[in-house]
Undergrad: 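A single structure is presented below for examination.
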Protein chains: 2
Amino acid sequence: MSQKLKTTSQRARREDVASVAGVSSAAVSYVLNKTKRLSPEVEQRVLDAARLLNYRPDRIAQSLAGSRTHTLAYMTADIANTYQLEVIKGMQTEALKNDYIVYIFDAAGDVKKYVSHLITRRVDGIFVSAAPDFLSDELLCELRDANIKVLADFSRSTFLPDVSYIMSDMYDGFMQAVGFLKELGHTEIGYLSAFDESCYYDLRLPAFKIAMRKLFGAGVPPIEFGGWPYSTSETLGIRLMTKMLSEHPEVTAIVATNDLMALGAIKAAIACGRRVPEDISVIGIDNIDSSAVSKPSLTTLDQSGNRYGAKIFEILHNDIVAGTSGKYIVPMRLIKRESTGTAPQNVENRILLQE
Amino acid sequence: MSQKLKTTSQRARREDVASVAGVSSAAVSYVLNKTKRLSPEVEQRVLDAARLLNYRPDRIAQSLAGSRTHTLAYMTADIANTYQLEVIKGMQTEALKNDYIVYIFDAAGDVKKYVSHLITRRVDGIFVSAAPDFLSDELLCELRDANIKVLADFSRSTFLPDVSYIMSDMYDGFMQAVGFLKELGHTEIGYLSAFDESCYYDLRLPAFKIAMRKLFGAGVPPIEFGGWPYSTSETLGIRLMTKMLSEHPEVTAIVATNDLMALGAIKAAIACGRRVPEDISVIGIDNIDSSAVSKPSLTTLDQSGNRYGAKIFEILHNDIVAGTSGKYIVPMRLIKRESTGTAPQNVENRILLQE
DNA sequence: TTGTAAGCGTTATCAA
DNA sequence: TTGATAACGCTTACAA
């Protein structure tokens, strides 16, 4: 069939497979891509030949001929962030299952050059992680206009047409968390916030306020702020919790912006003579690994990085295939552990004991 | 010239540039790739046309036509490691400068599938990070035989032909460190090792021993071992240093396997009533960020992650272009800071003081 | 010095 | 159901 078989070639080409199977090279494509059904007998011959030659279609050639490269990109301002790394892994794992590959960039480099690379290499889609906007709207549009699907974190400061956005369902999440505390009998619930009110991309604080309003009506819950420069460390949790306990000793439950701070809050509470959860309950957000093994283990709002990353792939993939775009909300889940318990019966008693 | 200009096309193609410049499409290639000199006038016309159309050659097509994809891969067992991330950034930055892009994989996934991807996508080269051997020799050979340049960490358990290896020059580094201590008058020098003698991929311990032998002759220096399971934390540094001070109070200088442990060692020394560097000098390895700002700042053997990463790119790039392979040794540099000083004059006096 | 044309390994269209 | 054949956008001999 084929007049020039590559004898020295390391890798088998489609034509080689066709020749071994005794069919046309088009037939090979049809069988392997399942793009057209041929006779079972022919299909088997092709499959056998492909296996025999260890044939794997060349992605480069496929990309040139087809319209997709099966390549995505993940762009973030901070690769080193633990949670971010989980998200990346989750996305990569899911991508790999579907024969996609993910470029990972951290925005510390020359963002403009990255964009250029993404376009010349024709990636199918890109995810742009949380604010602040290290990738300008202009560059985002350049990507979009180059026919690359863009999925951005919801917390970007602007919304662009034909760009998709993703967010965790913080509002529902906080409803779960605060609702759970309410069920346990808590009414005095405080919040430890890393960010102050002016931080436009923090959705957690407003979500907390809304949940409190909906479940307890009007009234301002006690909140401690970390302020600028923003950080979300365990140390900050300790500092804010200590402040909270002295300023608002009536509080019997605390929600913290993330697990690290919640862990710090527990330490601070214990240092101040409060037992967790007997005297005070603590809830975190993120469900980081250490939250499951801390003493006491931490009740937390789960947005597993891995699952989130997998979701990112699914959304991008779907948008690419269907040519769609939209705003996507990913549900969160409250993981109940040891750091939460029923509200103490007698608040006065507890305060007396402490003195 | 060109009979069918793409009017609707988003991106300019080479032919478009040729047509605007009034030359053949080959001329465009020659000028842009500097692969052949044309007349200055033609060159200018091409350059102008390219700029006008914002022309950027399609990497996919270049890859198919040419022999290189300008794509590399970095494979590691642990993305989350801080030092590793620095290396990755260093490599990526250097790669980007040279119009290369780097795939990043962590070996937690399906390594075999990664390899398949790398082959079908025809990456030019791959770096495989430190032991243990998460990537089997078999897969390594599959990559190599697919004409992909492989650069592996020196600490792999086996050496394969036509594969390149890279290592930091620990031997020279320890000669610098121990030599510096000798200059300062130290003779009793101890070592804090995370690994025990059986760890085949730890080059630091043998490097320390060799340096001691060369500079001080025979005799066994005092060494404390962390043992299995291997870890290199600050906590371990504290533990080993405490042990060292009680078992070998005559020691006036310490080298630790890495900066984290060295930092722990300083804390332990101070806790035991020893001043650093007046009573005891401490040297670390790695030059992590915090080593520069600790109190006292840490003298350390520098193998900057960024520089190392850049080096990885350079080596791979060169091996790819030249078709070579080899074993590469990257120099280290001793950064002298506050944690080292002249040896105490009177050892007896110091020990007495302490009692 | 410049242009022509044959690949590169696929996909996909269109007759046979 | 199958087999040619034209893209895809570029590199690179080779010819003019």
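First the proteins, then the strands, lettered A, B, ... as listed; each starts at 1.
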Undergrad: Among residues at least two apart in sequence or on other chains, which ones pass side-chain hydrogen bond (donor to acceptor under 3.5 Å, both in side chains) with S25(B)?
TA: R14(B)

Undergrad: Just the rounded figure in Å: distance from P of dT10(C) to NE2 of H70(A).
TA: 15 Å

Undergrad: Are OP1 or OP2 of dT11(C) and a side-chain N or O of S29(A) less than 4.0 angstrom apart?
TA: yes

Undergrad: Describe the nucleic acid contact of R68(A) in one word from base, sugar-phosphate, nothing, applying a heavy-atom distance below 4.0 Å.
TA: nothing

Undergrad: Taking the six-membered ring for Trp, are F159(A) and F154(A) ring centroids under 6.0 Å apart?
TA: yes

Undergrad: When we call it a touch if two heavy atoms are under 4.0 Å apart, what does R59(B) touch: a base, just sugar-phosphate, or nothing?
TA: nothing

Undergrad: Tell me the interatomic distance from R45(B), atom CZ, to dT2(C), atom C1', rounded to whole angstroms.
TA: 11 Å

Undergrad: Looking at CZ of F134(A) and CG of L139(A), how far apart are the two atoms once the value is rounded to the nearest 0.5 Å?
TA: 11.0 Å

Undergrad: If you look at every strand shown and take non-hydrogen atoms under 4.0 Å, does A27(A) touch a base, only sugar-phosphate, or nothing?
TA: nothing

Undergrad: Could you state the atom-to-atom distance from CG of N147(A) to P of dG9(D) in whole Å?
TA: 13 Å

Undergrad: Please give, in whole Å, the distance from dT2(D) P to E41(A) CD?
TA: 9 Å

Undergrad: If you look at every strand shown and take non-hydrogen atoms under 4.0 Å, does S39(B) touch a base, only sugar-phosphate, or nothing?
TA: sugar-phosphate

Undergrad: Reckon Y30(A) has a side-chain N or O less than 4.0 Å from the OP1 or OP2 of dT13(C)?
TA: no

Undergrad: Both A65(A) and S25(B) contact DNA chain D. Taking the nearest nucleotide for each, which residue is further toward the 5' end?
TA: A65(A)

Undergrad: Nearest whole angstrom, please: distance from the P of dT11(C) to the CD of E15(A).
TA: 14 Å

Undergrad: Determine, using ring centers only, whether F313(A) and Y100(A) are less than 6.0 Å apart.
TA: yes

Undergrad: Below 4.5 Å, heavy atoms only, C-beta onward: do I148(A) and R144(A) meet side chain to side chain?
TA: no

Undergrad: Excluding sequence neighbours, so at least two apart, what forms side-chain hydrogen bond (donor to acceptor under 3.5 Å, both in side chains) with D319(A)?
TA: S164(A), T324(A), Y328(A)

Undergrad: How close or far is atom C1' of dC10(D) from atom CD1 of I60(B), stated in whole angstroms?
TA: 12 Å

Undergrad: For the helix from dT1(C)-dA16(D) to dA16(C)-dT1(D), what angle lies between the axis at the first five pairs and the axis at the last five pairs, to 10 degrees?
TA: 50°

Undergrad: Can the ring centroids of Y103(B) and Y74(B) be said to lie less than 6.0 angstrom from one another?
TA: no

Undergrad: For R14(A) and dT11(C), what is the distance between atoms CZ and P respectively, to the nearest whole Å?
TA: 6 Å

Undergrad: Can you tell me how far P of dG9(D) sits from CD of Q62(B), to the nearest Å?
TA: 13 Å

Undergrad: Would you mind telling me which residue lines up with the more 5' stretch of DNA chain C, L64(B) or L38(B), judged by nearest nucleotide?
TA: L38(B)

